[in-house]
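What follows is a single structure, written as structure tokens, with notes after it.
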Amino acid sequence: MNNYDVIVIGAGHAGIEAALASARMGCKVLILTLKKETIGLMSCNPAIGGVGKGQLVKEIDALGGEMAQAADACGIQFRILNASKGAAVQSSRAQIDMAFYAKYMQRTLKDQKNLVIKEATVDSLIIKGNTVKGVITSRKEEIHSTCVVIACGTFFNGLIHLGLKHFEAGRIDEPAVKGLPEQLKQLGFNILRFKTGTCARLDKNTIDFAKLSLQGGDIPAQPFSFLTKRIRQKQVPCAITYTNPNTHEIIRKNLDQSPLYAGIIKATGVRYCPSIEDKVVKFSDRARHQVFLEPEGLKTNSIYPNGLSTSLPEKVQLDIIHSIEGLEKAKVIRFGYGIEHDVIEPTQIYPTLETKLIKNLYLAGQINGTTGYEEAAAQGLIAGINASLRAKNKEPFILDRASSYIGVLIDDLTTKGTAEPYRMFTSRVEYRLIIREDNADLRLSELGFKLGLVHKRDFVKVEAKKEAIKKGINFLKIQRLKPTEEINQGLEALGTAAIKKPATLEEILRRPQVSIKELKKISKNNFPLSEIALKQVEIEVKYAGFIERQLKEVERFKNLEKIRLPLNLDYRQVNGLSREIKEKLDKFKPLNLGQASRISGVTPAAISILMVYLKKIHG
């Protein structure tokens, strides 16, 4: 069979989610990869989640994606980051057994109905008019499809740097892809050049852990997926060490051998995950930098020294490693390196992740300028959903900034673009108090169910959870505590004031000193709720005022999002707009006034002019 609904190019984190989503929605899907054994490979660090990223994984799960369940099956340490802070910024992170993760994903793809896996290099797209019709492989085989998703990672014109040496590769020991990026350039896509990198891998048996502090995970481990009941894998600790002035001196003496500082690397690097040489130069006042030693699996001795990403020569990397406490005798399994690769300027795609130049062509992952497994997987899921919907002639699926972190990620890319590798953070999210990771299922499962990605039995559980939360809040509003001596002693023991008249449980729970667990003890009341529902009830009650305020902000936001802008609107005909704003609107082709308002340089006055113009042309 050489005819499919959707072809996915690449089987990394973006490609996997795209292929699974399209296949699970009933499309005939082909996923193309250079090697089947590299499907699901974790190319860089052995972890999933983190600040802002954990929210993405939870949302992928709520919509019916695979990453969260894979992380739960393969996770060897789980932690909630920012646990001491408010619910809006708490994020999950897990250390992952990398080999097990790849095998899990390979098995999942292999077992998926409607999905075919094929080893091939794509040389070019089949384009008719301005619509993609399939692909041509390096063996000159034509494969036809309604839609194509490109999820190529760092393979487009990938160039690896190790000291002053450099060579073409998409990943270490794997070839770069040349033909396809060249075709995209010829088709009119603006190409950017970004750089990322990875650390050396160390032999665990040669590290002196007695000198280091260990960091374990949370007990009990909290799963990523809302479907996972408990973590079954053995859990292991990580270790922490630091660079020192000697380390920094070694780096400074060898900057002339750094491709970054020798001017060989021209691409833009990751601001929030800089190489160790970049840290030493840019933060010269810092006496040390943390190195987080992460195990890469239960059956390997390989340790990932997170914080030591570098493209310096092997000899210099060895000197750096051996200057660090606990690593004096560490043996290197594989040296770190930097890699440059092509990126399509992301303002050239719609929020559906379809390109503006070529119809039915979708882009997902690092090709859109992001960095990180989670950002890639989130885009892959949305691209796969929309490719499937297009193949079925259905309306597209778009998440906005008020509904999800995924919506923020894609909106940032498509309306603002990015001049450097984009990474998700909670600070990028305006409405983070109402789109927390703990309520991702409550926000998005219904959408996943309607798409056919969430099973009915799982959706029913989410609906029951919503009902339980509603009942719990009503229960707290009705039940009252009387000002007895016993009650007041309990309140004062928590550091909060006694009550002089009857107060509802809701009023007491609003006090910052009182948790729902303590409230249960004081009131001696059997709360008719599960632990999961109790947590949601507590958050909703404690942050009620702030949540209400954000919901009003969201309503104002959604009013602008509702006002559609025709794709064929001729902005030159809109009187009152400056030439610059007309040019930007014509280039970005925003789908609605909300998106237009977030384009750099488009003023509130311009939005008002557009509103008047739209009313005029629509009568």
Side-chain angles (χ1 to χ4, degrees), residues 13 16-25 40 47-49 53-80 90-97 100-101 103-113 115 217-218 220-233 235 373-374 377-378 380-382 384-385 399 403-406 435-469 529-536 539:
H13 303 282
I16 286 170
E17 296 292 350
L20 288 174
S22 292
R24 288 168 177 173
M25 290 172 69
I48 284 175
K53 293 169 173 280
Q55 282 85 343
L56 290 174
V57 181
K58 293 274 191 176
E59 291 180 354
I60 290 167
D61 183 63
L63 286 167
E66 195 65 33
M67 178 173 266
Q69 291 189 62
D72 290 346
C74 309
I76 55 178
Q77 187 194 108
F78 291 78
R79 293 182 66 224
I80 302 294
Q90 291 177 8
S91 305
S92 297
R93 187 179 190 272
Q95 298 298 142
I96 303 295
D97 186 310
F100 190 15
Y101 187 91
K103 287 177 182 174
Y104 176 101
M105 285 303 195
Q106 290 163 22
R107 186 173 62 250
T108 301
L109 290 185
K110 183 182 175 184
D111 294 344
Q112 178 60 51
K113 183 183 174 184
L115 179 58
D218 293 341
Q222 299 296 313
F224 266 112
S225 176
F226 295 100
L227 303 177
T228 304
K229 292 182 178 178
R230 66 185 180 90
I231 300 302
R232 299 179 183 278
Q233 282 285 355
Q235 302 293 286
Y373 307 145
E374 305 81 4
L381 178 64
I382 300 303
I385 288 170
L399 291 171
S403 67
S404 60
Y405 272 63
I406 296 175
I435 54 173
R436 310 177 305 272
E437 75 162 36
D438 60 84
N439 69 1
D441 58 336
L442 305 176
R443 292 183 280 116
L444 301 174
S445 289
E446 184 174 357
L447 297 175
F449 174 66
K450 288 178 179 177
L451 289 166
L453 293 174
V454 172
H455 197 283
K456 185 175 181 179
R457 66 171 180 270
D458 299 321
F459 176 59
V460 167
K461 290 177 184 175
V462 175
E463 291 299 288
K465 181 177 170 183
K466 284 183 183 178
E467 190 59 31
I469 293 165
L529 289 171
S530 67
E531 285 298 317
I532 294 174
L534 277 178
K535 180 182 179 183
Q536 293 297 320
I539 293 169

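Only heavy atoms go into these numbers, but all of them, side chains included; no hydrogens, no water, no symmetry mates.
- Rounding to the nearest 0.5 angstrom, the gap separating the CD atom in Glu17 from the CG atom in Leu453 is 10.0 Å.
- For the pair Ile48 and Tyr101, the minimum side-chain heavy-atom distance is below 4.5 Å.
- Separating the CD atom in Gln90 from the CD1 atom in Ile539 is a distance of 7.0 Å, to the nearest 0.5 Å.
- Under a 3.5 Å cut-off, the side chain of Asp72 and the backbone N or O of Phe224 do form a donor-acceptor pair.
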Checking side-chain hydrogen bond (donor to acceptor under 3.5 Å, both in side chains) for the pair Arg24/Gln112: CA distance, chi angles, key distance, verdict? CA-CA 8 Å; Arg24 288 168 177 173; Gln112 178 60 51; 3.1 Å; yes
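- Ser91 and Gln55 share a side-chain donor-acceptor pair at under 3.5 Å.
- Atoms CG and CD, on Leu451 and Glu446 in that order, are 11.0 Å from each other to the nearest 0.5 Å.
- Taking every heavy atom of both residues into account, Asp61 and Phe226 meet most closely at OD2-N, 2.8 Å.
- Counting only distance, with no hydrogens or angles, the side chain of Glu59 and the backbone of Ile406 share a donor-acceptor pair below 3.5 Å.
- Checked for salt-bridge contact, Lys465 and Asp441 meet the test: a charged N lies under 4.0 Å from a carboxylate O.
- Across all non-hydrogen atoms, the minimal contact from Ala440 to Ala62 is O-CB, 3.4 Å.
- Annotation: Lys466, atom NZ; neighbour count of heavy atoms from other residues, nucleotides and ligands within 6.0 Å is above 12.
- Residue Gln77 holds its CD atom at 12.0 Å from CD1 of Ile231, rounded to the nearest 0.5 Å.
- Between the Asn439 side chain and the Gln536 main chain, no donor and acceptor come within less than 3.5 Å of each other.
- For the pair Glu437 and Gly54, the tightest heavy-atom approach, listed with the atom from each and the gap, is OE1-C, 3.6 Å.
- Between the side chain of Gln95 and the backbone N or O of Gln235 there is no donor-acceptor pair closer than 3.5 Å.
- Between Ile435 and Arg443, the closest side-chain pair of non-hydrogen atoms falls below 4.5 Å.
- Note that NZ of Lys456 and CG of Asp458 are 12.5 Å apart. Values are rounded to the nearest 0.5 Å.
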Set out, in order, the CA-CA distance, both residues' side-chain angles and the distance that settles side-chain contact (heavy atoms from CB on, under 4.5 Å) for Asp218 and Phe78, then state yes or no. CA-CA 6 Å; Asp218 293 341; Phe78 291 78; 5.7 Å; no
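- A donor-acceptor contact closer than 3.5 angstrom links the side chains of Tyr104 and Glu66.
- Contact check for Leu444 versus Leu399: side-chain heavy atoms found under the 4.5 Å cut-off.
- A donor-acceptor pair under 3.5 Å is absent between the side-chain atoms of Arg93 and the main chain of Lys53, judged by distance alone.
- Summarising the geometry of Leu56 relative to Ala378, their closest heavy-atom pair is CD2-CB, 4.3 Å, with the distance given to 0.1 Å.
- A donor-acceptor pair under 3.5 Å is absent between the side-chain atoms of Ser445 and the main chain of Phe459, judged by distance alone.
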Candidate pair Thr108 and Ile16, rule side-chain contact (heavy atoms from CB on, under 4.5 Å), full reasoning: CA-CA 9 Å; Thr108 301; Ile16 286 170; over 6 Å; no
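- Side-chain atoms of Gln233 come within 3.5 Å of backbone atoms of Ala73 as a donor-acceptor pair (strictly under, hydrogens ignored).
- Looking at every heavy atom in both residues, Ser92 comes nearest to Ile80 through OG-CD1, 3.4 Å.
- Counting all heavy atoms, side chain and backbone alike, Leu115 lies closest to Ala19 at CD1-CB, 3.9 Å.
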